[in-house]
Every structure is written in structure tokens, then in C-alpha cells.
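Everything on this sheet refers to the single structure shown next.
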Amino acid sequence: MNENLFAAIASAFPADRNRTAIEIAEPSTGTIYREVTWADIEAQTARLANMLQSLKLAPGARVAVQTEKSVEALMLYLAVLRAGYVYLPLNTAYQASEIEYFVGNAEPAMFVCSTRNYAWTKPITDAAGVAHLFTLDEDGIGTVLDAATDQPKTHSIAHKSANDLAAILYTSGTTGRSKGAMLSHGNLLSNAKTLVDYWDWSERDVLIHALPIFHVHGLFVASHCFLLTGAKLIWFSKFDQRGVIAQLKRASVFMGVPTLYVRLLADSRLTREVCSRMRLFIAGSAPLLIETFNEFRERTGHTILERYGMSETNMLCSNPYLASQGERRGGTVGFPLPGVDVRLSNDRAERCDVDEIGGIEVRGPNVFSGYWRMPEKTKEEFTSDGWFKTGDVGKRDERGYFTIVGRSKDLIISGGYNVYPAEIESYINDMPGVAESAVIGVPHPDFGEAVVAIAVAKTGATLDADAMIATLKKGIANFKVPKRVFVAAELPRNAMGKVQKNLLRDTHHSLFARE
Ligand code: MCA
Ligand code: AMP
């Protein structure tokens, strides 16, 4: 049996291939300006898969993609699966030094970039010996599609077993550089099937897709649920609450990070009436504030379903969809998904009691096989009995609901993007005149958490906070750049000499408080 994820997707295509699969909406108005049928998906993924195979890439070759969001980019992802290669999506905000690391670490055989990034991407891919560099832009035009134009529109799906690698997703590390989480066809398919079932998807569903497609949330969770049920997508190349609200009347499901819900609520056009056809609002990737959960229920009559996931594990926990399985409880991430084992361990590696706080560990067919070319790191992140240590800290109540109470990893989640303080501190510490720095996350009304840095000058040097921000903007992805930099005489330390970030967080807690 072919266990290629694309084989499962193809077998779920609706019988009527002329049906619309994707409606593409203009972000700020929601006006639909193009439609894509299931026949188009079939033909375009076949052409692209044939083109990929004509390049005679080695088995297991990585195809790295850093392009703006377009339906064609989604087709490219599906074509890589279909042709049996390994997909490696990269955040569009990454700049040259970040891309250089990913290319050096993953050694892709092929790279697809935006035309506007070609000039700086080419020297990087050349130096790393990447054999093929193509382009693809937000309007769906690029050399990667040109190369596929004359290819046949039929293709027989590459044979894969469940353990074969389908994708590598880079996630930052608390120390050192990013690690590539290796996800197999089986990991992705098992989780997608579970979600389709648990959230009661059907071909009648219409999903508003407004998330980026270089992370688990937009690429896997949203896209796979739609693809495995023959449902319909209303596709936004970027999130804009005005366009989304204009299309809510026609939709049944919405998925978003908490920032998207905050922005929807800030628009008075979000009413009960526009949500009357909706059956499900799903939130995840970062903590959803209880205030947002309550305000959304009051305004729309809908109770947001919060779920919890990770790049390494796909989705682990979800609040229930069906009332018969329980209520959706704000501030919790619900129950472990069917087939996924989740446990809590205290610092003596014993199982936690009800309401006792501990480290969240997971086991199941959804859990990745390890970090790309980092066997030692992989070993560190699993317990001796084979459970993956998420680095999240939580508790379980007497009814079985899990709540995430914090993180043992030093991580900031800003607008659904992860930022590791150690990485930003190392950039700041390398700046002229900087003796040391500390990077923290503080509450932010839009992004949930915002990145803030505190820097100490070397003796005799003076630091200009605004100039530091401007320099960082030129070097690293914009969402990682501190919103504010403070220059301090020294960093608070405990008796062991460790920087007391909790004191810094307390000092700057109200920096972005709403007026
Ligand atoms: C944009 N900016 C940000 C962020 N996004 N700053 C901090 N955090 C952010 N997330 C800044 C830019 O640096 C820029 O600043 C300014 O905002 C405008 O940029 P723009 O790109 O126009 O912003 P936007 O379009 O308004 O984007 C905000 C957003 C976006 C829509 C919330 O960040 C987003 O799509 N987030 C979703 C991320 C996501 O999908 N996460 C899922 C990960 P300046 O002008 O100063 O440069 S998957 C995951 O976590 C697990 C598996 C799970 O459970 O799902
Ligand atoms: P990533 O490494 O980008 O996949 O991010 C995964 C991390 O996002 C998890 O380890 C959690 O810390 C966080 N996360 C995801 N969903 C939630 C949620 N519903 N509530 C709180 N944190 C979440």
C-alpha cells in the first residue's frame, strides 16, 4: 500500500473534479477574484511533480521554499509530496544570514525563492552547491511553474512508507541554532485524520485560510483538513480582518492564532449576524487570553475551540467539538487527541497528580522521529521511555482538561511566531559597544507577547537604542526584532550570577499596556 500522504489526499478528491476547491479573495475587501477547481489541483500538482522528477533529484532530496503565500506555493508543497521528496518551508521574513544557515544545515537539492530575493539568495545557494534555484511570486508566476508548463498533467504518485520523511520544519533552539524537526508521511497523515474526525469535517465545510503556509498551523492543520474532506477554501494571501469579516458569512470554519482573534474583535463589523453560518472557530499556536475567549463568545455567540500543538508533534490536545464530549473551556487546551498520549512529569520524573504542575510529554503516531542531523539533541529531548519532552509546563484538572501554565524553555511567542531570546541576545552581544544583553517577552495587546531587549554598554561606550533596532532590522527576520531596546547600567543577577529575567519582566510588564 502506498502510504504517501498525497495518496490519501488524492483519494479524497471529490468525484466531481470541476467543483471549486479554492476561492481566492482580495485581502482587504474579501472580493473573490479567482477560482481553482479540484481538476486544477490534480493537473498542477502532476505537472510540478513530473518536473521535479525530471530533475533526477536523489531519493530523500530536500526542496526548500521561501516564497510569499500563493495557491501555487501550496501546489508546490503537494507536488513535492507527490514526487516523494522532502518539503522544507521557510518563513518569508528570514533574511540572508538566517537562510544561509538553513541551506547549510539541510543541504537542499532545490530552492525556490521570490524574484525580489533572488539576488541575495543565489550566492548563498551557489556557495552551498544547491543544484536548482527557481522563483515563485505571490501572483503565482515564477520559473518553477514555467519549467512545469509542458509536463504531462497525469502522474503516478511516488511510493512511500509511513516512516518516510515528508517535511522538515525548522524550530529555534533554546541554545544554539535552529533544529529541523523531521516529520514523516505517517506523522502528518495520522494527525490530519484525527483532526478531520475530532472536529467533524465534511465536504460541506468552507474554511477561511488566512495563515502563512510555512508553519504547521497554516500548512498542515488548515490545508490537510480541507484536502482530506474535499471541502472548500476561501484563500487569503495575508490576514486582514476586513476581508475575513466580509467572507465570514459564507464560511463554516476559521483557524487563527490569538492575534487574529484580537484583530477581529477590534472591528465592529464582527457581529453575530456575520458569523451565523459558522460552525467552528479554532485558535492555537499561542495562549488565547480568557478575555479574548469571553469577548468573542459575547460578541458572536461562538465558543472558540482552543487546541495545542508543536512543530515536532503536530496537534496534541484539543477542546472538544461535540457538546457530548464536554464543554470548551477557556484558558485550557482540552484533552489529548484520540490516539495521542500526553502525560505530565514532575522534576523527579514521576507522574503528576491532578492539578499538580509538571512538564508536558507526548507519545504517539504524530510525534516526529528526531532533529535533522542532530542525534544528540534528539536524544536529549526524549525521555528514556520514549516520550517527547515538549518544554511546555502544564497541569490537568479532575475532568481531564489540560492547561498550559508556562514554559521551561526560554521562548517568546509573538503573534504566533516563536522567538528564542538566546538567538537575539547573541546578535545584540555581537554589536559594537555591547557588553551583554537580556531579551525578554512582555505582554502586548496585539501580539500577545512582544520582544524587548535590555543592553549593557562596554566601559567607555555609548549605545543608541534606536540605531540598534535599525541594525537588527537589516539582519534578522522582522518579527524577531525587539520592539524596544533599553540601555541599562547592569543586568540584575542572583547569587549564582544568573540574569534574573523575571525581575526584568516585572519592570517592563506594563510597557505596552492598553491606554
Ligand atoms: C508582524 N510583525 C510582528 C509579527 N508579525 N511583530 C511581532 N510578532 C509578529 N508575529 C511586525 C513586523 O515586523 C512589522 O514591523 C509589522 O508588524 C507589520 O508587518 P506585517 O507583516 O504587515 O504584519 P501583519 O501582516 O500584520 O502580521 C501579523 C500577523 C502575522 C498576521 C499576526 O504575524 C501572522 O500571520 N502570524 C501567524 C503566525 C503563525 O501562523 N503561527 C503558527 C506557527 P516593522 O514595520 O517594524 O518591521 S505553528 C505553531 O506554532 C504550532 C505548531 C501550533 O500549535 O500551531
Ligand atoms: P512551534 O515550535 O512553532 O511549533 O511552537 C510550539 C509551541 O507553541 C508550543 O510548544 C507551545 O509553547 C505553543 N503553543 C501552541 N499552541 C498553544 C496554545 N493553545 N496555548 C499555549 N501555547 C501554545
Side-chain angles (χ1 to χ4, degrees), residues 27-28 68-69 89 91-93 95 169-174 178-179 181 183 191 195 209-222 236-241 244 255-264 282-290 292-293 304-319 330-334 359-360 362 366 368 381 388-394 402-420 441 444 446-452 469-470 472-474 476-484 512:
S28 61
E68 295 301 325
K69 184 177 176 184
N91 193 318
T92 46
Q95 302 208 41
L169 263 74
Y170 274 86
T171 87
S172 308
T174 16
S178 296
K179 305 164 286 184
L183 294 158
N191 207 240
L195 297 178
H209 193 307
L211 288 161
I213 53 167
F214 42 71
H215 279 309
V216 166
H217 201 159
L219 184 64
F220 299 152
V221 182
F236 287 84
S237 58
K238 75 186 291 277
F239 174 81
D240 183 322
Q241 60 281 0
V244 167
M255 292 185 192
V257 300
T259 299
L260 305 200
Y261 286 97
V262 170
R263 291 188 183 184
L264 285 171
I282 301 171
S285 308
L288 180 75
L289 293 181
I290 191 75
T292 311
F293 175 88
I304 297 174
L305 177 155
E306 185 171 2
R307 93 308 178 269
Y308 158 50
M310 270 189 95
S311 300
E312 288 92 332
T313 65
N314 288 277
M315 299 302 104
L316 285 80
C317 288
S318 170
N319 268 281
T332 83
V333 292
I360 302 177
V362 54
N366 52 310
F368 77 136
E381 305 295 335
F388 174 64
K389 298 185 268 186
T390 62
D392 293 309
V393 175
F402 279 72
T403 301
I404 299 174
V405 299
R407 304 169 199 134
S408 58
K409 49 194 176 191
D410 192 11
L411 162 71
I412 301 166
I413 305 184
S414 175
Y417 289 140
N418 291 6
V419 181
Y420 276 86
H444 189 278
D446 185 32
F447 295 124
E449 282 184 289
V451 180
V452 169
I469 290 178
L472 286 168
K473 277 192 177 176
K474 285 191 215 130
I476 56 174
N478 56 11
F479 65 89
K480 294 183 192 169
V481 176
K483 302 286 180 217
R484 292 282 298 275
F512 300 106

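In what follows, residues are counted from 1 in the order of the sequence shown. We count ligands from 1, going down the list as the structure has it; atoms in each ligand are counted the same way.
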**OP:** Look at atom 31 (C) of ligand 1 and say which protein heavy atom is nearest, naming residue and atom and giving the distance to 0.1 Å.
**Re:** Leu260 CD2, 3.9 Å

**OP:** Would you mind reporting whether Lys473 and Gln95 have side-chain heavy atoms less than 4.5 Å apart?
**Re:** no

Subject >> Residues which pass side chain to side chain contact (heavy atoms under 4.5 Å, CB included) with Thr292, listed by chain and number, not counting sequence neighbours >> reply: Tyr261, Val262, Leu265, Leu288, Leu289

Subject >> Output field: ring centroids Phe388/Phe368 closer than 6.0 Å >> reply: yes

**OP:** Please write down residue, atom name and distance for the protein heavy atom closest to atom 25 (O) of ligand 1.
**Re:** Lys238 NZ, 3.3 Å

**OP:** Note the single closest protein heavy atom to atom 19 (O) of ligand 1, along with its residue, its atom name and the distance in Å.
**Re:** Asn478 ND2, 4.6 Å

Original post:
Is a salt bridge present between Asp240 and Arg263, judged by a nitrogen-to-oxygen distance below 4.0 Å?
Top reply: no

Original post:
Looking at residues at least two apart in the chain, or sitting in another chain, which of them share a side chain to side chain contact (heavy atoms under 4.5 Å, CB included) with Glu449?
Top reply: Arg407, Ile412, Ile413

Original post:
Heavy atoms only: which of Pro27, Gly448, Gly416, Pro482 is nearest to atom 41 (N) of ligand 1?
Top reply: Gly416

Original post:
Is there a protein heavy atom less than 4.0 Å away from atom 23 (O) of ligand 1?
Top reply: no

Subject >> Shortest non-hydrogen contact between Gly415 and Thr259, atoms and distance >> reply: CA-OG1, 3.3 Å

Subject >> Heavy-atom pair of closest approach, residues Phe479 and Val451 >> reply: O-CG2, 4.2 Å

**OP:** Would you check if the side chain of Lys69 reaches a backbone N or O of Phe236 as a donor-acceptor pair within less than 3.5 Å?
**Re:** yes

Original post:
What are the two closest non-hydrogen atoms of Leu305 and Asn319, and how far apart are they?
Top reply: CD1-O, 3.4 Å

**OP:** Select the closest option to atom 28 (C) of ligand 1 among Arg263, Lys483, His444, judged by heavy-atom distance.
**Re:** Arg263

Subject >> Subset of ligand 1 atoms that lie under 4.0 Å from at least one heavy atom of Gly415 >> reply: 10 (N), 33 (O), 36 (N), 37 (C), 38 (C)

**OP:** May I ask you to test the Asn91-Tyr417 pair for a side-chain heavy-atom distance under 4.5 Å?
**Re:** yes

Original post:
To the nearest 0.1 Å, how far is atom 54 (O) of ligand 1 from its closest protein heavy atom, and which atom is that?
Top reply: Arg307 NH1, 2.9 Å

Original post:
Among Thr403, Ile360, Thr332, Val362, which residue meets the side-chain contact (heavy atoms from CB on, under 4.5 Å) test with Tyr308?
Top reply: Ile360

Subject >> Partners passing side chain to side chain donor-acceptor pair (under 3.5 Å) against Lys389 (at least two apart in sequence or in another chain) >> reply: none

Original post:
Does the protein put any heavy atom within less than 4.0 Å of atom 15 (O) of ligand 1?
Top reply: no

Original post:
Looking only at protein heavy atoms, which one is nearest to atom 46 (O) of ligand 1, and how far off is it?
Top reply: Lys473 NZ, 2.9 Å

Subject >> ligand 1 contact on Met310 by region, counting heavy-atom pairs under 4.0 Å >> reply: backbone

Subject >> Shortest non-hydrogen separation from Ala286 to Pro258 and the atoms involved >> reply: O-CG, 3.3 Å

Subject >> Nearest heavy atoms of Leu211 and Gly218, plus distance in Å >> reply: CB-CA, 4.0 Å

**OP:** Kindly identify the option in Ser311, Cys317, Pro212 whose heavy atom sits closest to atom 35 (O) of ligand 1.
**Re:** Pro212

Original post:
Can you tell which of Ser285, Ser414, Ala222 gets a heavy atom nearest to atom 9 (C) of ligand 1?
Top reply: Ser414

**OP:** Compare Tyr417, Phe239, Phe447 and give the one whose heavy atom is closest to atom 34 (C) of ligand 1.
**Re:** Tyr417

Subject >> Contact residues of ligand 2, where a non-hydrogen atom lies under 4.0 Å away >> reply: Ser285, Ala286, Pro287, Glu306, Arg307, Tyr308, Gly309, Met310, Ser311, Val333, Asp392, Ile404, Arg407, Lys409, Ile413, Asn418

**OP:** Return the option from Ile282, Ile413, Asn314, Thr259 holding the heavy atom at the smallest distance from atom 32 (C) of ligand 1.
**Re:** Thr259

Subject >> Ligand-side contact atoms (ligand 1) for residue partner His217, heavy atom cut-off under 4.0 Å >> reply: 42 (C), 48 (S), 55 (O)

Original post:
Which atoms of ligand 1 are found less than 4.0 Å from any heavy atom of Leu211?
Top reply: 40 (O)

